[in-house]
Amino acid sequence: CSEGKTGIQNAGVAGSTTEHWLEFLKSERYKPEEFHERVVLMIGGNDIQRYAYKWKGFRINKTESLNEAIDEIHARVVEIVNILRQSNKKIILQTHFRVNPSLMDAHSKALNEGIDELNLRLLTSYGSDNSDISLAYLTPDFPAPLFLDLVHLNPFGYQLHSYFLSRELQRRCWW
């Protein structure tokens with residue numbers, strides 16, 4: 001609803017992974033140099049959803065499998081950030097919120113473990129502010145009534161998420 005009024009461009013593609021974004025950024029269709037000079041990213045969550053099926057039932061080598069997956073996802077996030085940085089973009093990378101707390105089955109627990117690990121790696125890589133990239137460490141937990149399903153917030157949940165993000169953007173003088 002804000003497009004055209006604030007200059008905000010939403011380039012989100014439902015279900016896209018870090019692999020998809022690398023393909024997009026390297027294709028002729030998406031030219032990073034044509035993006036707005038300021039980019040806000042929340043990326044890697046769909047990757048974690050896909051990998052969680054792999055490690056949710058592991059009893060042996062679960063940690064190894066989870067770490068390998070998060071290493072791959074994190075490496076692609078870093079590559080995406082670097083592609084954008086090469087186009088002189090200022091970037092805020094958002095952390096991910098955890099899944100609906102009312103659902104604590106094996107898959108939900110695996111998702112939360114993956115989200116926690118990715119957030120930790122993002123914090124390690126981008127936790128200190130500098131001029132062209134910083135990390136917006138947003139609230140990792142939303143209450144169950146703010147979810148539509150396992151991972152998607154309802155409209156009020158997204159408004160609350162937007163509120164937290166806008167506070168971070170204001171704090172960084174991005175408006």
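Throughout, residue positions are numbered sequentially from 1 according to the sequence presented. Atom set for the values below is all heavy atoms of this structure, side chains included, hydrogens, waters and symmetry mates excluded. What you see is a predicted model, and the numbers here were worked out from it, not measured in a lab.
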Trainee: With heavy-atom distances below 4.5 Å as the criterion, would you say the side chains of Ser65 and Tyr51 are in contact?
Mentor: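 With C-beta onward as the side chain, the pair stays apart.
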Trainee: Is Arg76 close to Asp47 at the side-chain level, that is, under 4.5 Å between some pair of heavy atoms?
Mentor: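 With C-beta onward as the side chain, the pair touches.
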Trainee: To the nearest 0.5 Å, how far apart are CG in Leu165 and CE in Met42?
Mentor: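 It comes to 8.0 Å.
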Trainee: Taking Asn119 for its side chain and His96 for its backbone only, find out whether a donor-acceptor pair lies under 3.5 Å.
Mentor: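 Such a contact is found between Asn119 side chain and His96 backbone.
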Trainee: Tell me whether Tyr163 shares a hydrophobic cluster with Phe156, the cluster being built from Ile, Leu, Val, Met, Phe, Trp, Tyr side chains joined at under 4.5 Å.
Mentor: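 Yes, one cluster joins them.
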Trainee: Side-chain contact, heavy-atom cut-off 4.5 Å: Ile92 with Glu168?
Mentor: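 Counting from C-beta outward, Ile92 and Glu168 never come under 4.5 Å.
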Trainee: Just so I know, are the side chains of Tyr126 and Thr95 near enough to count as touching, which here means a heavy-atom distance under 4.5 Å?
Mentor: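 The answer is no, as the side chains (C-beta and beyond) never meet within the 4.5 Å cut-off.
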Trainee: Could you state whether Leu120 and Ile73 fall into the same hydrophobic cluster, counting links through intermediate Ile, Leu, Val, Met, Phe, Trp or Tyr residues with side-chain heavy atoms under 4.5 angstrom apart?
Mentor: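 Looking at the clustering, Ile73 is in a separate group from Leu120.
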Trainee: In chain order, what residues pass the ring pair (Phe, Tyr, Trp, His ring centres under 6.0 Å) check against Phe97, with sequence neighbours excluded?
Mentor: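 Only Phe142, His161 meet the ring pair (Phe, Tyr, Trp, His ring centres under 6.0 Å) criterion with Phe97.
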Trainee: Taking Ser102 for its side chain and Ala144 for its backbone only, find out whether a donor-acceptor pair lies under 3.5 Å.
Mentor: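 Checked: no pair found.
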Trainee: Kindly indicate, with the supporting measurements, whether the criterion side-chain contact (heavy atoms from CB on, under 4.5 Å) is fulfilled by Asn46 and Thr18.
Mentor: CA-CA 8 Å; Asn46 289 332; Thr18 53; over 6 Å; no
Trainee: Within this structure, what is the CD1-CG distance for the pair Ile91 and Leu135, rounded to the nearest 0.5 Å?
Mentor: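 Between atom CD1 of Ile91 and atom CG of Leu135 there are 12.0 Å.
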Trainee: Do Met104 and Leu146 share a hydrophobic cluster (ILVMFWY, side-chain heavy atoms under 4.5 Å, transitive)?
Mentor: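 No, Met104 does not connect to Leu146 through the hydrophobic network.
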Trainee: Ser125 and His74: which non-hydrogen atoms are nearest, and at how many Å?
Mentor: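 In terms of heavy atoms, the two residues are closest at OG-NE2, 2.8 Å.
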Trainee: Output the distance between atom CZ (Arg29) and atom CD (Glu23), rounded to the nearest 0.5 Å.
Mentor: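 The distance works out to 12.0 Å.
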Trainee: Lys31: which residues meet the side chain to side chain donor-acceptor pair (under 3.5 Å) condition with it, sequence neighbours left out?
Mentor: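 Partners of Lys31 by the side chain to side chain donor-acceptor pair (under 3.5 Å) criterion come out as none, since no residue qualifies.
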Trainee: So, do Ile83 and Lys26 sit near enough that their side-chain heavy atoms are less than 4.5 Å apart?
Mentor: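 The answer is yes; the side chains approach within 4.5 Å.
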Trainee: Give a yes or no on whether Val78 and Leu93 share a hydrophobic cluster (residues Ile, Leu, Val, Met, Phe, Trp, Tyr; joining criterion: side-chain heavy atoms under 4.5 Å apart).
Mentor: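 Yes; Leu93 is reachable from Val78 via cluster members.
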Trainee: Rounded to the nearest 0.5 Å, how far apart are CD1 of Ile80 and CD1 of Ile43?
Mentor: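 Between Ile80 CD1 and Ile43 CD1, I get 3.5 Å after rounding to 0.5 Å.
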Trainee: Taking only Lys NZ, Arg NE, NH1 and NH2, and the carboxylate oxygens of Asp or Glu, determine whether Arg121 and Glu117 approach each other closer than 4.0 Å.
Mentor: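 Yes, Arg121 and Glu117 are salt-bridged.
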Trainee: Let me confirm one number: the CG-NE2 distance from Asn112 to His107, rounded to the nearest 0.5 Å.
Mentor: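 That separation rounds to 10.0 Å.
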Trainee: If you compare all heavy atoms of Ile115 against all heavy atoms of Val99, which two are closest, and at what distance to 0.1 Å?
Mentor: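 Smallest heavy-atom distance, with atoms named: CD1-CG1, 4.2 Å.
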Trainee: Tell me whether Leu153 shares a hydrophobic cluster with Phe164, the cluster being built from Ile, Leu, Val, Met, Phe, Trp, Tyr side chains joined at under 4.5 Å.
Mentor: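 Leu153 clusters together with Phe164.
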Trainee: Partners of Ser162 by side chain to side chain donor-acceptor pair (under 3.5 Å), sequence neighbours excluded?
Mentor: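 Ser162: no side chain to side chain donor-acceptor pair (under 3.5 Å) contacts found.
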Trainee: Check whether His20 reaches the backbone of Thr17 with its side chain - one donor and one acceptor, N or O, closer than 3.5 Å.
Mentor: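 Such a contact is found between His20 side chain and Thr17 backbone.
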Trainee: If every non-hydrogen atom of Lys89 is compared with every non-hydrogen atom of Pro32, which pair is closest and at what distance?
Mentor: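 What the structure gives for the nearest pair is CE-O, 2.8 Å.
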Trainee: Got Asn100 and Ser108 here, is their nearest side-chain heavy-atom distance under 4.5 Å?
Mentor: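 The answer is no; the side chains never approach within 4.5 Å.
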Trainee: Return the set of residues passing ring pair (Phe, Tyr, Trp, His ring centres under 6.0 Å) with Phe24 (not counting sequence neighbours), or none when no residue passes.
Mentor: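 Residues passing ring pair (Phe, Tyr, Trp, His ring centres under 6.0 Å) with Phe24: Trp21, Tyr30.
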Trainee: Give the minimum heavy-atom separation between Gly114 and Leu66, together with the two atoms involved.
Mentor: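 Taking every non-hydrogen atom into account, N-CD1, 4.0 Å.
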Trainee: Can you pull the salt bridge (charged side-chain N to carboxylate O under 4.0 Å, His left out) pairs that have at least one residue in residues 95-106, sequence neighbours excluded?
Mentor: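 Residue pairs with at least one partner in residues 95-106: Arg98-Asp116, Arg98-Asp141.
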Trainee: Taking only residues at least two apart or on different chains, which pairs with a member in residues 150-160 satisfy side-chain hydrogen bond (donor to acceptor under 3.5 Å, both in side chains)?
Mentor: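 For residues 150-160: Asp149-His152.
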